[in-house]
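A short worksheet on the structure shown next.
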Amino acid sequence: QVQLVESGGGLVQAGGSLRLSCAASGRTFSNYAMGWFRQAPGKGSEFVAAISWSGKSTYYADSVKGRFTISRDNAKNTVYLQMNSLKPEDTAVYYCAARKSSGATTGPSEYEYWGQGTQVTVSS
């Protein structure tokens with residue numbers, strides 16, 4: 001039902017910023033909550049941020065709170081993750097995910113659709 005494509009990853013120095021985008025396929029993007037997860041080398045999937053369909057409710061992992069901002073533009077079928085003050089420990093493959101619900105959740109098992117991921121590397 002939904003295909004997701006992440007973009008915007010790359011290599012950045014510590015303290016820098018990146019903005020990730022997640023574009024959803026299809027003609028409509030109605031009533032999908034969205035989330036961002038990441039997987040660092042040798043580690044499992046880690047919740048990063050989530051946003052409700054309306055965009056009025058957001059959730060962040062403690063490790064990124066105050067540095068990352070999730071947002072969405074439903075007219076463009078796109079979700080964003082603005083990442084500021086990046087740290088080397090933020091290095092990971094970042095995945096966006098979608099669930100057909102207005103409410104956001106933090107568990108990866110709650111999401112039905114996943115993108116292929118985009119690599120973020122932060123150097124010191």
Side-chain angles (χ1 to χ4, degrees):
Q1 291 182 294
V2 176
Q3 294 182 357
L4 307 173
V5 180
E6 303 95 336
S7 62
L11 194 156
V12 64
Q13 293 185 8
S17 298
L18 286 173
R19 188 173 81 157
L20 306 183
S21 299
C22 175
S25 66
R27 296 174 60 83
T28 62
F29 198 43
S30 180
N31 203 35
Y32 280 81
M34 302 292 298
W36 285 95
F37 297 81
R38 67 187 183 186
Q39 187 167 7
K43 297 183 178 180
S45 180
E46 177 188 16
F47 169 75
V48 177
I51 188 167
S52 65
W53 165 247
S54 69
K56 295 183 178 180
S57 297
T58 58
Y59 303 89
Y60 297 94
D62 288 342
S63 59
V64 306
K65 195 172 298 182
R67 300 188 297 120
F68 291 10
T69 303
I70 188 171
S71 62
R72 66 190 301 160
D73 185 343
N74 289 345
K76 296 182 178 180
N77 292 344
T78 302
V79 176
Y80 305 97
L81 185 68
Q82 178 66 46
M83 305 185 295
N84 298 327
S85 301
L86 283 162
K87 304 175 181 179
E89 51 263 44
D90 295 318
T91 295
V93 177
Y94 283 70
Y95 300 89
C96 71
R99 63 189 299 263
K100 194 173 183 179
S101 172
S102 61
T105 63
T106 61
S109 63
E110 302 289 338
Y111 290 82
E112 306 166 61
Y113 308 102
W114 294 80
Q116 293 298 115
T118 185
Q119 177 71 49
V120 172
T121 302
V122 184
S123 62
S124 60

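For the single chain, residues carry numbers from 1 onward in sequence order. Only this structure's heavy atoms are used, side chains among them; waters, hydrogens and symmetry mates stay out.
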Taking only residues two or more places apart in sequence or in another chain, which ones pass side-chain hydrogen bond (donor to acceptor under 3.5 Å, both in side chains) with [X]?
X      : value
Ser54  : Ser52
Gln3   : none
Ser101 : Arg99
Ser17  : Asn84

Report task. Only pairs at least two apart or in different chains count here, so list each salt bridge (charged side-chain N to carboxylate O under 4.0 Å, His left out) that has a residue in residues 41-59. Result -> Arg38-Glu46

Return the [atom1] to [atom2] distance between [X] and [Y], rounded to the nearest 0.5 Å.
X     : Y     : atom1 : atom2 : result
Ile70 : Ser57 : CD1   : OG    : 11.5 Å
Tyr32 : Arg72 : OH    : CZ    : 11.0 Å
Thr58 : Phe68 : OG1   : CZ    : 14.0 Å
Leu86 : Arg67 : CG    : CZ    : 6.5 Å

Requested in this report: Only counting residues at least two apart or in another chain, list the ones meeting side chain to side chain contact (heavy atoms under 4.5 Å, CB included) with Thr69.
Outcome: Tyr60, Gln82

**Report entry** Residue list, side chain to side chain contact (heavy atoms under 4.5 Å, CB included) with Ala23, at least two apart or on another chain
**Finding:** Thr78

Once salt bridge (Lys or Arg N to Asp or Glu O under 4.0 Å) is applied, do any residues pair with [X], and if so which ones, sequence neighbours excluded?
X     : value
Lys65 : Asp62
Glu89 : none
Arg19 : none

Report task. Scan for disulfide bond (SG atoms under 2.5 Å apart) pairs involving residues 39-89, sequence neighbours excluded, and state none if there are none. Result -> none

Report summary line: All heavy atoms of Cys22 vs all of Met34, minimum pair found to be SG-CE, 4.1 Å

Requested in this report: Heavy atoms only: give me the nearest Ser124-Ala14 pair and the separation to one decimal.
Outcome: CA-CB, 4.3 Å

Report task. Start with the C-alpha gap between Leu20 and Thr118, add the side-chain angles, then the distance that decides, and say whether side chain to side chain contact (heavy atoms under 4.5 Å, CB included) holds. Result -> CA-CA 8 Å; Leu20 306 183; Thr118 185; 4.0 Å; yes

Output yes when a side-chain donor or acceptor of [X] lies under 3.5 Å from a complementary backbone atom of [Y], and no otherwise.
X      : Y      : value
Gln39  : Ser45  : no
Ser21  : Ser7   : no
Thr121 : Leu11  : no
Glu112 : Lys100 : yes

When you compare the side chain of [Y] with that of [X], does any pair of heavy atoms fall below 4.5 Å?
X     : Y      : answer
Trp36 : Glu6   : yes
Leu81 : Val48  : yes
Leu4  : Gln116 : no

Query raised in the report: Other hydrophobic cluster members with Phe37, side-chain heavy atoms of Ile/Leu/Val/Met/Phe/Trp/Tyr under 4.5 Å, chained?
Result: Phe47, Tyr59, Val93, Tyr95, Tyr111, Trp114

Query raised in the report: Between Met83 and Asp90, does a side chain to side chain contact (heavy atoms under 4.5 Å, CB included) hold up when you go through it step by step?
Result: CA-CA 9 Å; Met83 305 185 295; Asp90 295 318; over 6 Å; no

Requested in this report: May I ask whether Val64 and Tyr80 are part of the same hydrophobic cluster, defined by side-chain heavy atoms of I, L, V, M, F, W, Y residues being less than 4.5 angstrom apart, directly or through others?
Outcome: no

